[in-house]
Amino acid sequence: MVPRLKRPYIRAFFCLFKGGKRMAYQIPRGCQDVFGSDSYKWQALEQTLRSFCYMYNYDEIRTPIFEHTEVFKRENDSSDMVNKEMYTFKLENSKTSLTLRPEGTAGVVRSFVENKMYANPDLPAKFYYMGPMSRHERPQKGRMRIFNQFGVEALGVKSPYVDVETIVLAFSILKSLGLNDIKVCLNTLGDDESRANYRSALKEYFAPYVDELCSDCKRRYEQNPLRILDCKVDHDHECMKNAPKMSDYLNEASQEYFNTVCELLDKLEIPYEVDDKLVRGLDYYTHTVFEIVSMNSEMGAQSTVLAGGRYDGLISYFGGPEGMSGIGWALGMERLLIALEAEGIELETKPALDAYVMCLDPEARTYAFEVLTSLRAYGYRCDMDMMERSFKAQFKAVDRSKAKLAILIGKSELEEKKVTVKNIAHKEQESIEVEKLIPYVDSVLEEESHHHHEHEGE
Ligand code: ATP
Ligand code: MG
């Protein structure tokens with residue numbers, strides 16, 4: 001038998017093809033670089049998210065991108081994320097096991113308890129966060145190993161109003177970005193008592209089927225049988241159809257809590273569907289759980305853009321007051337960008353320059369650089385050629401930068417302390433004394449923007 005070539009050999013061949021040069025470095029699988037006009041999309045998205053949180057009085061919280069492993073790996077957790085997807089490491093000579101955060105909630109709750117924020121006079125403590133999360137998953141469209149989440153948490157008050165506030169926030173953000181094809185799915189997992197009853201019902205019901213279910217479900221059967229309902233492998237197994245429903249096991253208090261959540265959403269005219277199979281991927285949820293799903297066909301299996309729920313046990317698990325509860329959600333920023341694109345919604349691209357300084361004589365370079373610097377000092381967005389290119393090449397750069405003005409500086413401009421300003425849209429140019437450049441640019445660009453607004457108003 002011919003042994004298969006191992007990866008390193010294959011790489012060695014590529015080196016040869018590239019003329020024996022060193023193998024190019026490549027980004028790890030499931031990761032992505034954001035640059036060029038994409039970075040402006042990201043900034044536009046982040047700006048919208050921050051503005052909404054500002055309106056809703058949620059403060060930003062920044063927690064580390066790794067935590068002690070125990071923060072994420074909690075006893076008896078049956079979720080895939082905790083069991084197979086975590087990047088966990090120990091440095092040499094260290095006993096401390098650290099884990100790159102796979103999600104945001106645990107770190108926020110750790111910080112809430114560690115900093116005794118539960119003692120604040122004003123609760124809930126309301127936070128938002130955004131940043132990279134790491135999960136060892138099989139990369140696919142909308143599923144990455146390093147991806148970014150934006151999330152909110154409201155900790156310390158258990159009230160249907162808080163649940164609904166977070167859902168309204170989520171829904172309003174997605175709507176304001178322009179997403180139309182979305183659906184809010186809602187369910188309740190009830191309190192501990194309700195879930196314990198439901199859990200025994202599920203154990204009894206699934207007992208004859210466990211052997212036929214996938215290996216993850218066998219583990220779930222022992223640790224958290226609710227999660228069997230969320231299994232992507234056994235989704236179509238016969239036994240799923242007649243499984244007991246959470247709604248039949250809710251005690252009165254849990255039912256009443258959920259009813260209030262639904263009534264408030266009705267009042268605020270937030271459309272939602274109750275989905276009694278919705279159990280969510282994490283084990284800590286109680287009461288309200290929800291997802292916002294994009295119905296656009298391009299999303300494929302990765303159609304859940306945002307997900308969250310209430311957690312009754314997490315704060316006390318981390319050493320906070322007994323019985324204190326929180327709620328939160330997170331959205332996948334890459335997935336959201338895919339959903340926006342699928343609906344044809346365009347976010348910002350790279351904005352045009354106000355002015356591009358063209359240097360037409362090496363002797364005038366320092367003078368041109370001074371002009372550039374003073375324009376910037378007045379807040380104009382501008383740039384200049386640093387490659388000592390020909391007139392023609394510099395003019396192409398002006399085009400690419402979409403600059404409104406080209407400021408030409410050559411030997412005569414240097415000698416006469418002038419600049420030549422070319423208005424690209426009007427195809428006019430004027431010679432200006434350098435002292436008058438700023439007021440001139442002010443007036444030209446102001447006129448431009450008036451003109452622009454008039455057109456917008458039409
Ligand atoms: P899924 O069922 O798709 O694996 P999940 O239940 O693991 O999702 P959560 O932990 O609730 O997801 O994370 C909230 C959101 O984060 C998801 O709805 C999704 O938008 C995003 N997300 C989760 N995992 C990934 C990933 N690997 N790549 C990109 N986005 C992700
Ligand atoms: Mg997952």
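Both counts, for ligands and for their atoms, begin at 1 and track the order of listing. Worth saying up front: this structure is predicted, and the values here are computed from it rather than measured.
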If you count the non-hydrogen atoms of other residues, nucleotides and ligands that lie under 6.0 Å from CD in Glu204, is the total more than 12?
-> no
Testing Arg195, Lys158, Arg310 for side-chain hydrogen bond (donor to acceptor under 3.5 Å, both in side chains) with His287, which one passes?
-> Lys158
How would you list, by chain and number, every residue that makes a salt bridge (Lys or Arg N to Asp or Glu O under 4.0 Å) with Glu222, sequence neighbours excluded?
-> Lys203
Heavy-atom distance to atom 23 (C) of ligand 1: which of Arg135, Met333, Glu334 wins?
-> Arg135
To atom 4 (O) of ligand 1, the nearest of Arg145, Gln302, Arg143 on a heavy-atom basis is Arg143
Applying a 4.0 Å heavy-atom criterion (strictly less than), which segment of [X] is in contact with ligand 1: side chain, backbone, both, or neither?
X	value
Lys232	side chain
Glu291	neither
Val305	backbone

For Lys175, check side-chain hydrogen bond (donor to acceptor under 3.5 Å, both in side chains) against everything at least two apart and list the hits.
-> Asn180
Using distance alone, with no hydrogens and no angle criterion, decide if Asp312 and Tyr285 have a side-chain donor and acceptor under 3.5 Å apart.
-> no
Is the shortest N/O to N/O distance between [X] and ligand 1 below 3.5 Å?
X	answer
Ala330	no
Phe147	no
Gly332	yes

Describe, in one word, how the ring planes of Tyr284 and Tyr311 are oriented to each other, choosing from parallel (under 30°), tilted (30 to 60°) and perpendicular (over 60°).
-> perpendicular
Run the contact test for Glu103 against ligand 1 with a 4.0 Å cut-off on heavy atoms, strictly below, and give the result.
-> no
Enumerate the atoms of ligand 1 whose separation from the nearest heavy atom of Met144 is less than 4.0 angstrom.
-> 26 (C), 27 (N), 28 (N), 29 (C)
The atoms of ligand 1 lying under 4.0 Å from a heavy atom of Ala307, numbered in the order shown, are 11 (O)
Check: Leu306 main-chain N/O paired with Thr304 side-chain donor or acceptor under 3.5 Å = no
Which one of Phe52, Tyr128, Phe127 satisfies the ring-ring contact (aromatic ring centres under 6.0 Å, His included) criterion with Phe150?
-> Tyr128
